[in-house]
Amino acid sequence: MLVTFIACGAEAVRAKTVSPDPSPAGATLLERFVVEGREADLVGAATAASQGLVGARELEARPWLRRGELLEVIPGVVITQHSGGGKANQYFLRGFNLDHGTDFAVTVDGLPVNMRTHAHGQGYSDLNFVIPELVRQVEYGKGPFDAAVGDFSAAGAAEFRLFDVLPRGIASATIGENGFARLVVADSTVQAGGATTTYAVEATHDDGPWEIDENFNRFNGFLRHHWRAGAGEFRVTGMAYRGTWTATDQIPLRAVEAGAMDRFGTVDPTAGGTSERAGMSFDAKIAGAGGTTQLNVYALRYRLDLYSNFTYFLDDPDEGDQFNQRDRRWVLGASSSHGWTGTRGTTTVGAQVRADFIDEVGLYRTAARRRLATVREDEVSEASAGVFLKNETRWSPWLRTEAGVRVDGYRFDVESDRSVNSGERTAEIATPKVAVVLGPWAGTEVYANFGDGFHSNDARGTTVRVDPATGEAAEAVDPLVRSRGAEIGVRTTPAKGWVSSLAVWALTLDSELVFVGDAGGTEEAGATRRVGLEWANFYRVTPWLALDADLAVTRARYRDAGEEDRIANSIPRVVTAGATVQTKSGWFASVRLRYFSAQPLVEDGSVRAPSSVTTNLRLGWRGKVWEASAEVLNVLGRDNYDIAYFYESRLPGEAAEGLADVHFHPAEPRTLRVTVSRSF
C-alpha cells in the first residue's frame, strides 16, 4: 500500500516555495505534512505495518555500489548481480528470488519498470535509467494489499518519486578503483508564474574487478517541466538511458577451487549487451470541491540485446552455448483516479490501461555475438485494463478499515516463427483486499491485512504448443497466477525518535517462475507457501545521529512436494543495519552492514550457497557550496557470493555429459571511490 507524503531534509531549501509532487493515480491521499522519511511514525496514516517511505536525506547519506541498491532502503530487500552492470539486478524479498523483478512491482512517477513478456525474464526491472540525485523519496508496501497496484505485486511494490524542483543545482564528479568514473550535472530553473524546469545528465564508466574489463558505459538524460494552472498541477517528463557492457557471468566453482580460473575470471569473454530506454509522460492533478482527480499518460521505447553463456560448452562443444536474447518494444499506458473525502473517510476509484507492442522478442544461438541459429522469434501484442475501488473509513477514534477490490483483464496475441506456437488468449482476475487498523493508543497501532494479488505470465508461454528448443510437446501456462496474502503487525514509538514496526505474514502462490540454469531462463514451478517475520527500526538518537536495524526471517516451501520442497535461492534470514552522522560543522559519515544467510540451491537442501556479510562506509564534508566524500565498499574485503546456482555445465576437456556444480558470481572486492561536488 503506497502512501503520499512530503519528504524534507535535502530538499528543504526549495521545498518551502514548491508544492509536493502529485501522488500516483490511486494512492491513498493523506493530509500533507512534513516528514524525514523512516523516522516518521506514520501512525494514523499507514494501513499496514510493513508500509513505509524513505526520503532523500536518507538516500543521499548511503554508500552505493550499483543502481538497484536504491531499493535496499526497503527493510528486508537484498540486491545482487549475476552478470554485467548494464543488466537488471537480482531482487530478493520475503523468501522470493524475484529474478530480475517478477512479483515485485516498481514504478517511477507512474512509469512502469517491470517488463512483460521480456526476452530475459517476466517482470524484468532495470533501474539503470534512474539518477539517484533526482529521487525525492521511495514509497513502498509489501504483500498484495493495495487495490491500486496490480501485476507483479505479490511480494510488494515500490514507487520512486522524483523532484519537480531540485533543492540545489549540482555538478558532481566521482573517480574510483577499477576504472570507475561518474559525472552528474543537474539543476532547476524557475520561470515567470512559478513554473519550473529541471534537467539532469549523467555519464558513468566502470571496468570492474574482472579479468576482462566490463567497459560498462551508462548515459542518462532527464528533463521535466512542472507548472500550475488554476486548481491543477501538471508536469511533462522525458527520460532517456543507454548502456553498453561486457559481462562476466557466473562461473563454475570447480574451476576456481582447482586453480584453473580466478574468482574474477570468465569462461566466455564476449558475453554482455546493450540496453536503451526512452520515455515521455504527462501527469495532472486537479483538486475541486468534488474531490481530487489524477491522470498519468506515458509512452516508452525499449530495446535490449543480451548475450549470455551459462553452460559454456555443454550443448555445443565446438561453438559454445552462448545465446542472444533480443527485445524491441513500445509501451503505451495511462492511469487515472478520482478520490473524495466524506465525513468518515476517503473513497478512491481508478482505472489503468497498458499495451506492450513487442516488435521482436527473440532467442538466438550465437558465438562471440555472431548469430548461428534462431531458437525462437516472436511478435507479441499484450494489452491489459484494470479498474479498482477502495474505501477507507474511520468508524471510531480507535478503529478504521480499508476495503478494496480490483478487476484486471488481459489479452495476449502471439505471432511466432513456428505457427503452432502462435495464438490468442484472454484472461481476467478479481482480487479483493481488506485492512483493519486498531488504535492509536500511546503512539501505537495494530494492523491486520488480507488480500489477493497476481502476476501475469509470459505471453509466449500462454500459447506454446511445441518447445522451440527440443521440438517436444509443451503445455501452455495459465496467463494469470493468483497469490493470497495475510499480515498482522504493529507500529509503535517506544521512545522519542524511535520508530519500530513488527509484521508477521504469510503468502501463497498457485505457481511461480524459477530460474533454470542450463536453459538460461525461467520455467513455471509448483504452488508455494511462504511465512515470515519482519522487524524494522529507525532511531533518531540526536539531531546529528540516526541508527537503523532491520531483521527479516522467512520460511519458503513448495506445497505438496514431499521432502524435496525447498525453494532454490530463497533467503531465510536478512539483517541490515546502519548509522548516519551529520555534524553542524559539515562532517558526515554513514556505515552500512548487510547480512543474508545461507540458502538452498536444490529442492532437497543438500547444496547450499554460503552466507554473505557486506559492510560499506561513506565519510565526507559538506559546506555551503563544496562537498567532498569517500566511499569504501566491502570494507572488510570479504569473498562473498553475489548469487549462486546449481546446474550442469561443461568446460573444455570435460566429459560430454557435463558436471553438476555450483556456479557463482563473486561480490566485488574492497573498492574506494572519491566524489567532489559543487552546488549552485
Side-chain angles (χ1 to χ4, degrees), residues 1-3 26-30 38 40-53 74-76 93-96 103 105 139-150 153-158 344-348 388-406 430-454 482-494 499-509 528-537 550-556:
M1 302 177 194
L2 304 183
V3 291
T28 304
L29 299 177
L30 305 171
R38 285 191 64 187
D41 59 27
L42 305 188
V43 170
T47 53
S50 58
Q51 177 183 342
L53 76 159
I74 302 173
L93 174 66
R94 287 196 162 182
F96 283 86
D103 290 309
E139 304 169 7
Y140 63 87
K142 300 175 188 176
F145 305 128
D146 190 355
V149 184
S153 61
R344 285 185 173 271
T346 300
T347 300
T348 303
F388 69 89
L389 167 68
K390 62 179 181 179
N391 172 265
E392 184 174 0
T393 300
R394 182 171 291 279
W395 302 95
S396 72
W398 55 268
L399 172 63
R400 57 190 171 96
T401 61
E402 182 178 275
V405 64
R406 69 174 293 129
T431 49
K433 335 269 184 174
V434 64
V436 178
V437 184
L438 304 176
W441 299 288
T444 300
E445 282 188 330
V446 178
Y447 309 88
N449 301 86
F450 307 92
D452 286 6
F454 74 97
R482 184 180 297 274
S483 58
R484 292 184 172 89
E487 179 180 299
I488 297 175
V490 62
R491 186 188 308 267
T492 187
T493 52
V499 179
S500 182
S501 64
L502 179 69
V504 178
W505 58 271
L507 183 68
T508 64
L509 272 74
T528 58
R529 177 182 293 111
R530 292 170 171 82
V531 296
L533 176 147
E534 293 172 339
W535 185 29
N537 297 272
D550 307 313
L551 168 68
V553 179
T554 304
R555 184 181 188 274

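Counting begins at 1 with the first residue of the sequence.
- Annotation for A46 and V437: closest pair O-CG2, 4.4 Å, computed over non-hydrogen atoms.
- In this structure, F450 and A486 approach most closely via the heavy-atom pair CD2-CB, 3.7 Å.
- Considering only residues two or more places apart in sequence or on other chains, R555 meets the side-chain contact (heavy atoms from CB on, under 4.5 Å) condition with V531, R557.
- Between K142 and E534, at least one side-chain N (NZ, or NE/NH1/NH2) sits under 4.0 Å from a carboxylate O, which counts as a salt bridge.
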Given side chain to side chain contact (heavy atoms under 4.5 Å, CB included), test D550 with R38 step by step and report yes or no. CA-CA 12 Å; D550 307 313; R38 285 191 64 187; 2.8 Å; yes
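- In this structure the side chain of L502 never reaches within 4.5 angstrom of the side chain of T492, judged on heavy atoms.
- Contact detail for T431 and F454: the closest heavy-atom pair is CG2-CD2, 4.3 Å.
- Residue L533 comes nearest to W505 through the heavy atom pair N-NE1, 3.7 Å, listed as atom of the first residue, atom of the second, then distance.
- Contact record, A154 with P144: O-CD, 3.5 Å, taken as the closest heavy-atom pair.
- To the nearest 0.5 Å, atoms CZ (R406) and OG (S153) are separated by 7.5 Å.
- Taken from CZ in R530 to CZ in F96, the straight-line distance is 4.0 Å, to the nearest 0.5 Å.
- Counting only heavy atoms from C-beta outward, the side chains of V149 and F388 never approach each other to under 4.5 Å.
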Let me see the working for T401 and V434 under side chain to side chain contact (heavy atoms under 4.5 Å, CB included), right down to the final yes or no. CA-CA 7 Å; T401 61; V434 64; 5.7 Å; no
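- Residues R484 and D452 approach most closely at CG-OD1, 3.2 Å, considering heavy atoms.
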Show your working on side chain to side chain contact (heavy atoms under 4.5 Å, CB included) between R491 and V43 and close with a plain yes or no. CA-CA 7 Å; R491 186 188 308 267; V43 170; 4.3 Å; yes
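- Taking the side chain as every heavy atom from C-beta outward, K390 and D146 approach each other to under 4.5 Å.
- By the side-chain contact (heavy atoms from CB on, under 4.5 Å) test, L438 pairs with W398, L399, V436, W441, V446, sequence neighbours left out.
- Interatomic distance, OG of S500 versus CG of N537, reported as 3.5 Å (0.5 Å rounding).
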Quick one, T47 with R400, criterion side chain to side chain contact (heavy atoms under 4.5 Å, CB included). Give me CA distance, side-chain angles, the key distance, then yes/no. CA-CA 9 Å; T47 53; R400 57 190 171 96; 3.7 Å; yes
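- Residue R394 holds its CZ atom at 10.5 Å from OG1 of T346, rounded to the nearest 0.5 Å.
- Here the CD-CG distance, from E487 to L507, works out to 10.5 Å after rounding to the nearest 0.5 Å.
- Rounded to the nearest 0.5 angstrom, I488 CD1 and Y447 OH are separated by 14.0 Å.
- A 4.5 Å side-chain heavy-atom check between L93 and D103 finds every atom pair outside the cut-off.
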